Amino acid sequence: MKRRQFLTSTSAAILSAGVLSQTSVRQACAQGQTPQTRLAMPPLLDTRDTGRLALTATSGSTAFAGGPGMPTAGFNQAYLGPTILMQNGELAAEVKNTLGEPISTHWHGLLVPGEHDGGPHLAIAPGATWQPEMSIGQDPATIWYHSHIHERTAEQVYFGLAGVIHVTDGQDDARGLPSTYGLDDLTLVLQDRRFDASGRMVYDPSMMDIMHGFAGNRMLVNGQVGATAVVPQGIVRLRLLNGSNARIYTLYLDDTRPMHLVATDGGFLPAPVALDVLRLAPGERAEVLVDFSSGGTPVLMSDPGQAYGVLQFATDSALSARITRLPDQLDGAPADLSGAEVATRQFTLDMGMGGMMMGGGGFAINGRPFDMRRIDFEVALGSVERWQIRSTMVAHPFHVHGVRFRAVTENGGPPRPENTGWKDTVLVPGEAEILARFDQPASRETPFMFHCHILEHEDAGMMGQFTVT
């Protein structure tokens, strides 16, 4: 893969490629003590008073876990970007690219027209600035932003061009939800990254890495390795983003305390749902409440069959526990779209190692690899459609730009609890059926994308595009 100016390559041997360390992230910190390495939140960029948003894609140098500093990229900082706080209304955005290659800024989950979506047709050239004048109008949600240049998305996101967005209506206190940023309302960007023997983060995918998606051997949370999240002894809100290129997380707490799901990709559920395990595929977000009133030092784990630590928690009795009970209900009420659909479409997410080895694409949707010049279909503005999606060989997270949808079935049965709310990305382990309403326009010049969110698959051709008129 061609290397660009702000990235790095290495010929060093890769340690345990794709296999996360089994070493526990638990640190020796007793209840009430502050750990040596405390998890930091991304900087908060509040746009509510000004109605303006300024981002600069920049190169930087980042040292992970005591390793050497290495080239990375981010928005307004060396790696990743700030958490953007926005509300409904007009928002004048400005994204400047100071890097040595084109980028874009896709607002993943933001319901805006195609001309503001930030997909691959909206590249920002080196030295250029993109200035979309957007109108935000959607339910409160945790969404995110990342570069989306075709054939470059995986590497650009891997080296840091991503961040989180909170869309808020200011009513979380009335809902009884934790809302103090970084105290009882934590933004957690989960990423696995691959490090070599010298401690350098590397991206050098082999054919098998492209086939399965590039997986790492070390966990990062908010760009940090081995940090501990310090929380008050009360109810804490965790906004979880799977920002990994390919890894699917099956999350649980090692002391068996439940997570109470309150929101999915597109907004709140009607009421909290207690979960022992939460599955989160690349691109998906979930908001959960965890009760830390009993103290302790639980570890957020993943993959019960081959468990590894994701994030250590520690409680601090000196921190104010503002919320001490779970809300009985929330105000999320997803619309019933059944019976309103005007069309049904079928999609197969295709991959074939043979095609890759013979020099072909190997990755496609409905047998056709992505082509920037081809519009795959047209959708009527304001319509509802039923999409039936089938994965081949592996489970693929399926993302649709510009819409929220409801998951109707998974493999012929009801959707998992984490797929019962509004979604824009859904894992397709075999077959899935969704209902989507198309309320945002998208032209042939700036169409919406639909694609696998395993970024190596997306870059290799498992993507299509459509207009909404």
Side-chain angles (χ1 to χ4, degrees), residues 23-46 64-66 77 79-80 82-83 85 142 164 166 168 172-173 175-191 218-241 243 249 251-263 272 274-276 278 280 285-302 307-327:
T23 303
S24 173
V25 299
R26 185 182 301 280
Q27 297 191 9
C29 57
Q31 180 176 339
Q33 292 181 328
T34 301
Q36 187 174 11
T37 305
R38 184 169 181 156
L39 181 73
M41 293 295 105
L44 187 64
L45 183 55
D46 192 342
F64 297 96
Q77 57 189 26
Y79 184 74
L80 297 179
T83 297
L85 186 61
T142 299
V164 176
H166 296 181
T168 181
D172 281 351
D173 283 349
R175 296 183 180 98
L177 291 175
S179 60
T180 304
Y181 185 73
L183 179 65
D184 61 5
D185 185 353
L186 306 187
T187 294
L188 304 176
V189 182
L190 310 184
Q191 299 172 311
R218 185 170 291 181
M219 278 301 308
L220 274 64
V221 179
N222 296 348
Q224 299 151 62
V225 178
T228 296
V230 181
V231 296
Q233 289 185 245
I235 305 296
V236 175
R237 181 184 192 172
L238 309 180
R239 300 177 187 250
L240 300 162
L241 160 66
Y249 298 101
L251 301 169
Y252 64 99
L253 289 159
D254 70 339
D255 63 356
T256 72
R257 73 180 72 195
M259 297 174 285
H260 299 268
L261 182 70
V262 295
L275 298 177
D276 295 323
L278 170 69
L280 206 64
R285 290 86 63 211
E287 296 182 33
V288 299
L289 302 182
V290 179
D291 187 353
F292 289 97
S293 60
S294 62
T297 57
V299 180
L300 182 66
M301 307 288 292
S302 185
Y308 56 87
V310 174
L311 178 64
Q312 169 77 58
F313 289 94
T315 54
D316 186 347
S317 58
L319 298 177
S320 174
R322 196 174 65 90
I323 305 295
T324 57
R325 64 179 298 272
L326 294 167

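All residue numbers refer to positions in the sequence shown, counting from 1. Only heavy atoms go into these numbers, but all of them, side chains included; no hydrogens, no water, no symmetry mates. Just so it is clear, the model here is predicted, and its values are computed rather than measured.
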* To do: Would you give the length of the straight line joining atom CG of Asp254 to atom CD of Gln312, rounded to the nearest 0.5 angstrom?
  => 7.5 Å
* Structure fact -> With Leu240 as partner, the option from Val189, Leu188, Leu186, Leu311 fulfilling side-chain contact (heavy atoms from CB on, under 4.5 Å) is Leu188
* Asked: Hey, mind stepping through Thr83 and Met41 against side chain to side chain contact (heavy atoms under 4.5 Å, CB included) and telling me if it holds?
  -> CA-CA 8 Å; Thr83 297; Met41 293 295 105; over 6 Å; no
* Asked: After noting the C-alpha distance and the side-chain angles of Thr187 and Tyr181, does the key distance pass the side chain to side chain contact (heavy atoms under 4.5 Å, CB included) rule?
  -> CA-CA 8 Å; Thr187 294; Tyr181 185 73; 3.5 Å; yes
* To do: Under the side-chain contact (heavy atoms from CB on, under 4.5 Å) rule, collect the residues that match up with Asp291, sequence neighbours excluded.
  => Ile235, Ser293
* To do: Verify, without hydrogens or angle tests, whether Gln191 (side chain) and Gly223 (backbone) share a donor-acceptor contact under 3.5 angstrom.
  => no
* Structure fact -> Sorted by chain and residue number, the side-chain contact (heavy atoms from CB on, under 4.5 Å) partners of Gln224 (sequence neighbours excluded) come out as Leu39, Ala40, Asn222, Ala227
* Validation row: Thr142, Leu241 side chains within 4.5 angstrom (heavy atoms) -> no
* Structure fact -> Contacts satisfying salt bridge (charged side-chain N to carboxylate O under 4.0 Å, His left out) that involve residues 220-232 (not counting sequence neighbours) are none
* To do: Kindly write out the residues that satisfy side-chain hydrogen bond (donor to acceptor under 3.5 Å, both in side chains) with Asp276, not counting sequence neighbours, or none if the list is empty.
  => none
* Asked: Which pair of non-hydrogen atoms, one from Ile323 and one from Gly176, has the smallest distance, and what is that distance?
  -> CG2-O, 3.6 Å
* Asked: Given Val236, which of Leu183, Val288, Val231, Leu319 fulfils the side-chain contact (heavy atoms from CB on, under 4.5 Å) condition?
  -> Val231
* Asked: Ignoring hydrogens and geometry, is there a side-chain-to-backbone donor-acceptor pair from Arg322 to Leu177 under 3.5 Å?
  -> yes
* Asked: Under 4.5 Å between any side-chain heavy atoms of Leu85 and Leu45, yes or no?
  -> no
* Please step through side chain to side chain contact (heavy atoms under 4.5 Å, CB included) for the pair Met259 and Leu261, ending with a clear verdict. => CA-CA 6 Å; Met259 297 174 285; Leu261 182 70; over 6 Å; no
* To do: Test side chain to side chain contact (heavy atoms under 4.5 Å, CB included) on Leu251 and Leu190 and set out the steps.
  => CA-CA 11 Å; Leu251 301 169; Leu190 310 184; 4.0 Å; yes
* Compare all side-chain heavy atoms of Pro232 with those of Phe292 and state whether any distance is below 4.5 angstrom. => no
* Structure fact -> Hits for side-chain hydrogen bond (donor to acceptor under 3.5 Å, both in side chains) against Arg257, two or more places apart or cross-chain, chain-then-number order -> Asp255
* To do: With sequence neighbours excluded, give me every salt bridge (charged side-chain N to carboxylate O under 4.0 Å, His left out) pair touching residues 224-241.
  => Asp172-Arg237, Asp185-Arg237, Asp185-Arg239, Arg237-Glu287, Arg239-Glu287
